[in-house]
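Small disclaimer: the values here were computed from a predicted structure and weren't measured. Letters go in sequence order (proteins before strands), and every chain restarts at 1.
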Amino acid sequence: MSTDAKNSIAQMEKIVSLCKRRGFIYQSSEIYGGCGGVWDYGPLGAELKRNLRSAWWNTMTREREDVLGLDASILMNPAIWKASGHVDTFADLMRECSLTNKRVRADHVEPQDGVAYTFEGAISWTFFLNQRGILGDTELAPDAIANTNFAMIFHHTQDEDEIYNGLVNTIKNGIGRDLDDEEIKTVAHHLPAMLKAVMKRSITILVPPGKPRESAEKIAKEYFERLGVDKPLVFGPKVGVKVERSVDFHPETGGALGDARPFNLMLKTYLGPTATEADVTYLRPETAQAIFAQFKNVFDSSRVKVPFGIGQIGKAFRNEVTPKNFTFRSREFEQMELEFFIKPDEAVEIISGEVAPWSEGADLSEPKPNWGWQMWHRYWVDQRTKFYQGIGLGDVLQYYWQTSDDLAHYARACVDILCEFPFGTEELEGIAARGDFDLSAHQNASTKSLEVFDEELKTAAAKLTDEQKEALIQKRLAAEAAKTKGAPMPESAVRAWFERLFKGSYVPHVIEPSAGLDRMALAVLAKAFSETEKVDEKGKKEIITVLHLHPRVAPIKVGVFPLLKNKPELVAKAREVYALLKKHMNCFYDETASIGRRYARQDEVGTPFGITIDFDSLGEKGPELLDTVTLRQRDSGEQERVKISDLLGKLLPLVS
RNA sequence: GCGGGUGUAGCUCAGUGGUAGAGCACUUCCUUGCCAAGGAAGAUGUCGCGCGUUCGAAUCGCGUCACCCGCUCCA
């Protein structure tokens with residue numbers, strides 16, 4: 001492992017440790033040995049999450065005129081997951097190709113004939129060349145190693161003596177003489193590294209009848225190369241096994257298929273007490289579908305017009321194969337999703353006479369009536385970027401624009417907002433332009449209309465000539481024909497769609513910024529974490545840990561400290577200040593230990609401000625300092641004197 | 001799912017078959033006039049869990065759970 005990788009693991013471990021020690025994040029059910037892939041937020045973590053949640057909710061809904069909130073249930077009619085495609089894609093038993101991990105439906109494998117070769121593992125030929133010291137100057141042909149017992153011995157035994165003897169014999173045969181003492185020593189010396197260089201993994205490959213062993217070996221070599229074995233020598237039999245009408249191999253790759261397994265990542269449960277198949281439903285794997293399912297209700301009950309959005313924050317559940325990287329990929333997590341509904345570009349064109357083209361540097365500050373999906377998509381990327389800047393993540397963001405290969409067939413564009421974590425640069429949020437895929441899918445499945453009626457569109461369309469209308473239709477038909485993914489819409493359907501459009505009715509299109517709250521919390525913690533080494537007067541080294549959290553997200557906003565706790569006047573005044581502030585923000589009162597230690601404790605959990613009540617606050621140095629306190633900044637350590645009566649006015653704008 | 005590693009006090013870890021430890025943290029008291037100060041006392045563990053071997057297990061074996069790393073997965 002590289003030094004960088006080790007450092008980042010160490011960094012992550014420090015963050016995990018701090019999170020537990022100071023009450024940000026605990027392992028779920030820890031006293032019972034834990035529970036895989038789920039985490040609990042402690043007192044400070046709960047505050048942190050709450051602050052992030054509020055920041056999102058305020059920015060995305062309350063501070064906007066065009067976005068409404070929703071709080072849907074986690075359990076829903078399972079038909080929703082059928083319509084969204086979540087059930088269909090994964091409900092069947094799937095078998096996975098052991099070579100490529102491509103999946104096929106277990107009941108859809110074509111029977112095949114051929115010859116199957118099983119390879120037991122591989123060792124790097126480059127490794128052997130690098131170990132020339134063992135072999136002296138003699139060139140050993142790859143086959144001299146691969147086709148000897150030695151290769152198989154490596155795989156079949158753990159016994160070091162046996163492996164050692166096999167190795168010596170192989171080299172002896174390869175160079176055609178006995179080894180001298182010095183050479184034998186060298187072999188023994190290299191044995192541990194040799195054992196590590198062997199990759200033991202059994203794979204079976206089917207080649208069509210008549211094809212030579214070499215074609216199977218070639219596939220095996222490619223496989224081991226992908227796994228990181230440089231110039232692999234594969235261990236395998238000279239003669240394969242004849243196979244007839246077998247359904248155990250992937251039709252395209254020839255790789256052996258694993259056991260049939262259900263690949264549904266949705267958590268299944270039973271709604272109702274009888275627990276029969278008829279009662280099966282799922283814990284939602286994403287919050288978005290509820291927004292689509294309730295789209296019409298929100299639209300009808302809120303006097304809104306397209307474009308408008310529906311935002312939601314809530315728990316979602318996925319049965320991840322491998323939960324990983326602390327809270328980054330967990331089985332229960334919280335999403336913050338906006339579905340922003342817009343007019344189809346054709347409607348924009350009819351109303352505004354054009355669709356604003358996007359170009360680098362376009363003005364995204366205020367939405368315009370002539371924006372099509374592209375401008376709206378860029379707009380939301382811009383809005384979300386500003387949001388992340390507002391919580392202190394501005395300088396660690398990266399963007400990945402999905403290529404047409406990455407995109408799902410219904411998506412027009414998707415950008416991932418990524419963030420640097422100690423374990424790598426990973427996705428925080430995805431912003432997708434999904435067309436009308438979701439609403440249309442639910443409209444079809446539910447047979448309830450999810451169209452909106454647009455008076456403005458109807459009026460504008462009425463003014464179009466037949467030629468203008470036909471030109472719009474032809475333009476769309478050309479676009480459908482040029483599609484590289486998914487089937488083009490048939491002409492009759494296109495014409496029917498335009499007929500509805502010209503009457504003012506359409507299914508809105510959607511831009512979907514979808515963020516993970518837990519990931520955001522982890523990103524904020526990882527970004528804020530810092531350690532510096534300090535040497536005190538006695539030469540003792542100390543590690544000083546500080547969380548440089550943005551004041552908006554910090555779980556505790558202010559620490560309130562009497563300089564000394566054995567002076568009742570200081571304590572009384574400090575309690576007064578604490579009582580004043582805590583009604584408006586999360587504060588922490590601390591009178592134990594030295595003042596420096598109390599500062600340090602708060603630095604470690606990211607409290608941005610510290611207030612100390614000293615003797616000046618009591619007016620000892622003169623009446624002008626009476627009822628003033630020192631306000632300390634976490635990041636600079638600087639202090640200023642502030643009147644108690646000015647504290648709220650000064651702090652509130654900084655922390656909210 | 002496969003392979004490797006780890007699991008002992010709140011945290012970091014030492015402890016290779018014979019009375020469970022250290023540093024830091026924590027609680028109380030004393031002391032302390034601004035950046036992890038000092039002193040005194042105290043509390044804290046079924047050594048992840050289960051089964052086995054043994055006169056005796058944190059230590060050895062088997063199983064299991066969780067976490068970490070590498071593959072894989074991430075619609």
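Base pairing analysis places B:rG3 opposite B:rC69; the two distances defining the Watson-Crick or G-U wobble pair are each below 3.5 Å. If you check B:rA40 for Watson-Crick or wobble pairing at under 3.5 angstrom, you find it paired to B:rU28. B:rG33 is unpaired under the criterion used here, namely a Watson-Crick or G-U wobble arrangement in which both key atom distances are under 3.5 Å. Base pairing of B:rU46: no nucleotide in any strand meets the Watson-Crick or G-U wobble criterion (both distances under 3.5 Å). In a base pair of the Watson-Crick type (N1 to N3 plus N6-O4 or O6-N4) or a G-U wobble (N1-O2 and O6-N3), with each distance short of 3.5 Å, B:rC51 is matched with B:rG61. The nucleotide B:rG17 finds no pairing partner, because no Watson-Crick or G-U wobble arrangement with both distances shorter than 3.5 Å includes it. Base-pair partner of B:rC11: B:rG23 (Watson-Crick or G-U wobble, both distances under 3.5 Å).
Distance noted for atom C1' between B:rG18 and B:rC60: 15 Å (whole Å). Going from the C1' atom of B:rA58 to that of B:rC13 covers 14 Å, rounded to whole Å. If you take atom C1' in B:rC11 and the same atom in B:rG3, they sit 30 Å apart, rounded to whole Å. B:rU16 and B:rA57 have their C1' atoms separated by 11 Å, given to the nearest Å. Taking the C1' atom of each, B:rA9 and B:rU27 are spaced 15 Å apart, rounded to whole Å. As rounded to the nearest Å, B:rU53 and B:rA14 have C1' atoms that lie 27 Å from one another. B:rC51 and B:rU59 have their P atoms separated by 13 Å, given to the nearest Å. The same atom, P, is picked in B:rG1 and in B:rC73; the two are 15 Å apart, to the nearest Å.
The side-chain heavy atoms of A:L547 and A:F24, taken from C-beta on, include a pair separated by under 4.5 Å.
No hydrogens or angles were tested; on distance alone, nothing pairs the side chain of A:S17 with the base of B:rC11 as donor and acceptor under 3.5 Å. Side-chain to base pairing of A:R632 with B:rC34: no donor and acceptor N or O lie closer than 3.5 Å to each other.
Both tests hold for A:R575 against A:Y589: distance to the six-membered ring centre under 6.0 Å, angle to the ring axis within 45°. Stacking of A:R632 on the aromatic ring of A:Y599 is recorded, both the 6.0 Å distance cut-off and the 45° axial limit being met.
A:Q602 comes within contact range of no nucleotide atom at all, as no heavy-atom separation falls under 4.0 Å. When heavy atoms are screened at a 4.0 angstrom cut-off, A:R601 is found touching the sugar-phosphate backbone but no base atom. Note on A:T592: nothing from the nucleic acid sits closer than 4.0 angstrom, heavy atoms only. Residue contacts shown for A:K20 are limited to sugar-phosphate atoms, with no base heavy atom under 4.0 Å away. At the heavy-atom level, A:I544 lies under 4.0 Å from base atoms of the strands shown. Residue A:L618 is classed as having no contact, given no heavy-atom separation below 4.0 Å to the nucleic acid. Within the 4.0 angstrom heavy-atom criterion, base atoms lie near A:Q639. A:G36 comes within 4.0 angstrom of sugar-phosphate atoms only, judged by non-hydrogen atoms across all strands, and of no base.
With respect to the salt-bridge test (charged N to carboxylate O, under 4.0 angstrom), the residues A:D590 and A:R598 do not qualify. One finds a salt bridge joining A:R434 and A:D438 here, because a Lys/Arg side-chain nitrogen approaches an Asp/Glu carboxylate oxygen to under 4.0 Å.
Side-chain proximity of A:A600 to B:rU72, B:rA36, B:rA75: nearest is B:rA36. In this structure, the nucleotide among B:rU32, B:rA75, B:rG33 sitting nearest to the side chain of A:M266 is B:rA75. Picking from B:rA75, B:rC11, B:rC26 the nucleotide with the shortest atom distance to the side chain of A:P285 gives B:rA75. Checking B:rC34, B:rA66, B:rG33 against every side-chain atom of A:L564, the shortest atom distance belongs to B:rG33. Checked against B:rC68, B:rA36, B:rG70, the side chain of A:E604 finds its nearest nucleotide in B:rA36.
Judged purely by distance below 3.5 Å, without hydrogens or angles, the side chains of A:S514 and A:E337 pair a donor atom with an acceptor atom. A:T630 and A:R641 form no side-chain donor-acceptor contact under 3.5 Å, judged by distance and modelled atom types alone.
At whole-Å resolution of the value, CG in A:N325 and P in B:rG70 are 8 Å apart.
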